[in-house]
Structures are given as structure tokens and as C-alpha cells.
There are 2 protein chains.
Amino acid sequence: MALYRYVSGREDLLEAVVVRLLEGLVGRVDAARPTSWQQYLQLLAHEIRDVSLRHPAAFPLVVSRHPATPWLRPPLRDIETVEHLLATLTDHGFDDGRAVDAYKAFTSFLVGYLLLEVSMRVENVAAVEEPMNEGSADIPEQDDPDTGLYTAPHVLRMRELLSQDRGEEEFEIGLEMLLNRIEQSVSH
Amino acid sequence: MALYRYVSGREDLLEAVVVRLLEGLVGRVDAARPTSWQQYLQLLAHEIRDVSLRHPAAFPLVVSRHPATPWLRPPLRDIETVEHLLATLTDHGFDDGRAVDAYKAFTSFLVGYLLLEVSMRVENVAAVEEPMNEGSADIPEQDDPDTGLYTAPHVLRMRELLSQDRGEEEFEIGLEMLLNRIEQSVSH
DNA sequence: ACCTGAACACCGTTCAAGT
DNA sequence: ACCTGAACACCGTTCAAGT
């Protein structure tokens, strides 16, 4: 209860966690002195990915909490960060429309990749930490051959590939593709 | 309390909601008799987008609930749907590796775009429906010029563009780009 | 077969007392 | 200035009674 001296309640506490996770982000990107907008976005993307990997259980908060205003998009949830991003793109010759488009595509990309990457890890961690809170009875054990997999030969065959974690590679490829797309849009 | 006759508890209830939202999806895609894998993925993507737009408040559940097994990725959370997708890609000449890559990229794309699109709508709806549960005191009104925006000229200038909802277009463009990328990977 | 009141555990929050 | 016990409201869940 002592926490109530520092935060106004549960919501405020969670908000503070999110702020804490993201603080210093822009500063670290700046410190690396990127020379192109591509490098800038790449650095920023990796900083955020690092956050998500360091705090896999908390990262969903960053993504799912409502930002202060509806036009700020997770995981770039604060004005300072967005200002910095838009300013950087503008400096590199983006007009307003392309800059905003790039911001939106960039945030969607980050949410899509990082949320799924992180949720995979959290599930496994949680499964180990809490020893079956309600048993695996609710969720049918679908890797048990007689509950459904035998009617799903493709899934069965590709199971190894599906559970393989190539997060790093996939992230890199997706990011590269995104940058290419933005590059094309910026040169008409 | 009468619900406890039908579901085993809160978790089970939420799971049932998710199942309900997604049911019939594969069937509707099938009914449209897609002739290429591109068309198949496009139909599937639009079906899921329709779900998210019809149920913006419930859609985050689809995305954030742990699927039955860690190698199933939201929003394609059940074996039948994934089997159908993998089978379709295989039929169209994908090897296992590319099929799985396509599945992963496809789900990441859907999560990224739809979660952000939907969260924008929910916030506005919620803001209207519940008349200020804790006042706007916690969240500093950042569109008020003297709380931060005056130090963020780019954000201020692009504000209209940022809050514009071009969900449909953005989704279409992103999907097109994704399909192109998969196409390239499939032809080496 | 289905619903419901009362009770319980649990969690977020408040407040009056403690140091 | 900071922490804490007791109390309260609220929610998920159970169970014994109701029809």
C-alpha cells in the first residue's frame, strides 16, 4: 500500500512501467549518430527489440496500453520520440505525408513482430514458473496425436519449423523489406 | 453465475469468445474459391480484418491470448485454420520452409496492422461511452499547446495526417507488399 | 435441467495510526 | 516523510437451495 504515495493507482503504476521501459531510447539512437534515415530506423527498431527481449513479460503493456492521444501509436507512444522520428525523416527529405506513412508502417511492423516474438517466450516461461494453475485440461493438448494433429498432416510435418525461433532473422528480413518499401515510396 | 454451467471459468469464457469470433473463417474463404495463393491470402486477410472491425473491443483478445500451443500464432490460432493455410500454400508449390515463413510473416502483418487500427477505434469509443472515469488529469492533455506540443513542431504540423484514419488503404498497401515479398522468396 | 442468494477468496484502494 | 493494519468495494468462483 506504500506505493500509493508515489502513484495514484494501478493504472498510473502500469503507465510508469511503460515509460520506464522506453526511457532513454531516443538518446541511445542519437548517441550512435546515424547518417541516414535507414540507419536511424534500424537503430531505433533494434533498441525497441532489445527492450522487448529484456522484458518479455512487460512488453505487451507497451503495445496494448492506450497512449495519451489516439494519434500516437505503440510502441512509439510519447510525443518526444515521435517528434524525433518525424524530424529525422523530414531532415532527410520526406514530405509530411511520407513521413507519417513511414511512422505508421514502422510502428505496425514493430508491433506485429515483437508482440508475437515475445508472447512465444512468455508462454514458455509462464508454463515453467507456475506449475499448472488449472491443469492442461482446459486447453486440449493439441500436440497429442489423438486430439487433432492427425487430421492436420501439414502442421504435423512442419511442426519443427513452426516452433523454431528464428526471431532475429525474421525481424531483420522484415525490417529490410519495410525500409525498401519506404525508400520506394519516397522516390515516387 | 449461471454461466458456470456452460464454461469452467473466466478463462474458458474468454477463450470461447475468441473461438466464436474466428469460426467460419476458413469456410468463407473456401466458398470464394480462390484460384491463386495470393488471392487466398488476400481473402483470408480481409476476413480477419472484417472480424476486427466488427468487434473492435474484442479483437485484442484474439491477438493477445495464448494459443493452445506455442507454435500457433495469433490471429490464426487454431490448427484447422493453420492446416488449411499450409495445405493451400503447399498445393501452390511452396516448400515447407517458405510455407512456414509465409505463415509467420502473414500473422505478424495482421497483428501489427489490425491491433493498431482497432485500438484507435476502441479508445475513441471508450472515451465517449464511459464519461471520464478518472478525469483526464492522469493523462496530461498533450494536444493542449502548453503541455508539450509546442516543443514538437513536426508533430503539431502533421497532427491532421497522424489522426487521419486511412486504415483500409494502409492495410491494402501493406498486404500487397507482403504478397510481393513472399512471391519473391518463393521464386528464389 | 437451469438459475440464484449467500458466502468466500482475492485484489485495488482508502484512511487512520503508527514510526 | 514514509510505511502499515484494518476496512471497504468489487469481482471471480463455489455451493446449497430454489424452480
Side-chain angles (χ1 to χ4, degrees), chain A residues 1-23 51 55-70 72 74-75 77-78 115 118-119 121-142, chain B residues 1-23 55-70 72 74-75 77-78 115 118-119 121-142 147:
Chain A
M1 291 103 53
L3 282 174
Y4 283 90
R5 296 228 105 227
Y6 305 94
V7 294
S8 77
R10 190 191 139 94
E11 290 304 297
D12 193 28
L13 175 61
L14 294 179
E15 193 59 31
V17 169
V18 172
V19 169
R20 187 77 156 78
L21 288 184
L22 296 178
E23 82 189 350
V51 171
H55 306 281
F59 193 74
L61 281 183
V62 179
V63 156
S64 58
R65 303 221 93 227
H66 304 322
T69 87
L72 290 180
R77 301 171 19 98
D78 58 290
L115 191 61
V118 134
S119 80
R121 294 174 203 269
V122 170
E123 282 170 272
N124 296 336
V125 172
V128 172
E129 284 185 354
E130 39 173 301
M132 302 289 171
N133 48 358
E134 45 194 61
S136 49
D138 295 337
I139 301 159
E141 263 307 326
Q142 282 176 316
Chain B
M1 291 105 51
L3 283 174
Y4 283 89
R5 297 227 104 226
Y6 305 93
V7 294
S8 77
R10 188 191 139 96
E11 290 305 297
D12 194 28
L13 175 61
L14 293 179
E15 193 59 30
V17 169
V18 171
V19 169
R20 187 77 158 77
L21 287 185
L22 296 177
E23 82 189 353
H55 305 280
F59 193 73
L61 281 182
V62 179
V63 156
S64 58
R65 303 222 93 225
H66 305 321
T69 89
L72 290 180
R77 301 170 19 98
D78 57 292
L115 191 61
V118 133
S119 78
R121 294 173 203 268
V122 170
E123 283 170 90
N124 296 336
V125 172
V128 172
E129 284 184 357
E130 38 174 301
M132 302 288 172
N133 49 359
E134 45 194 61
S136 50
D138 294 337
I139 301 160
E141 263 306 327
Q142 283 176 317
T147 52

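Just so you know, these numbers use all the heavy atoms, side chains as well, and skip hydrogens, waters and symmetry mates. Reminder, nothing fancy here: chain letters follow the sequence lines and each chain counts from 1.
- In this structure, B/R5 reaches the bases: a heavy-atom distance under 4.0 Å links it to at least one base atom across the strands shown.
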**Request:** List the steps, then state whether side chain to side chain contact (heavy atoms under 4.5 Å, CB included) holds for B/E15 with B/R77.
**Result:** CA-CA 11 Å; B/E15 193 59 30; B/R77 301 170 19 98; 2.3 Å; yes
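- Counting all heavy atoms, side chain and backbone alike, B/P75 lies closest to B/F59 at CB-CZ, 4.4 Å.
- By the side chain to side chain contact (heavy atoms under 4.5 Å, CB included) test, B/L61 pairs with B/L14, B/V17, B/V18, B/R65, sequence neighbours left out.
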**Fill in**
With both pairing distances under 3.5 angstrom for Watson-Crick or G-U wobble, and | for a partner in another strand, the correct string for DNA chain C is ||.|||||...|||||.||
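- Where DNA chain D meets chain A (any atom under 4.0 Å from a heavy atom), the bounding nucleotides read 5' to 3' are D/dC2 to D/dA6.
- In this structure, the side chains of B/P67 and B/P74 come closer than 4.5 Å at one or more pairs of heavy atoms.
- Nearest heavy-atom pair across B/A57 and B/P60 is O-CD, 3.6 Å.
- Scored by the side-chain hydrogen bond (donor to acceptor under 3.5 Å, both in side chains) test, B/R20 finds B/E23 as partners (sequence neighbours excluded).
- Contacts of A/L13 classified as side chain to side chain contact (heavy atoms under 4.5 Å, CB included), with partners at least two apart in sequence or in another chain: A/L3, A/V7.
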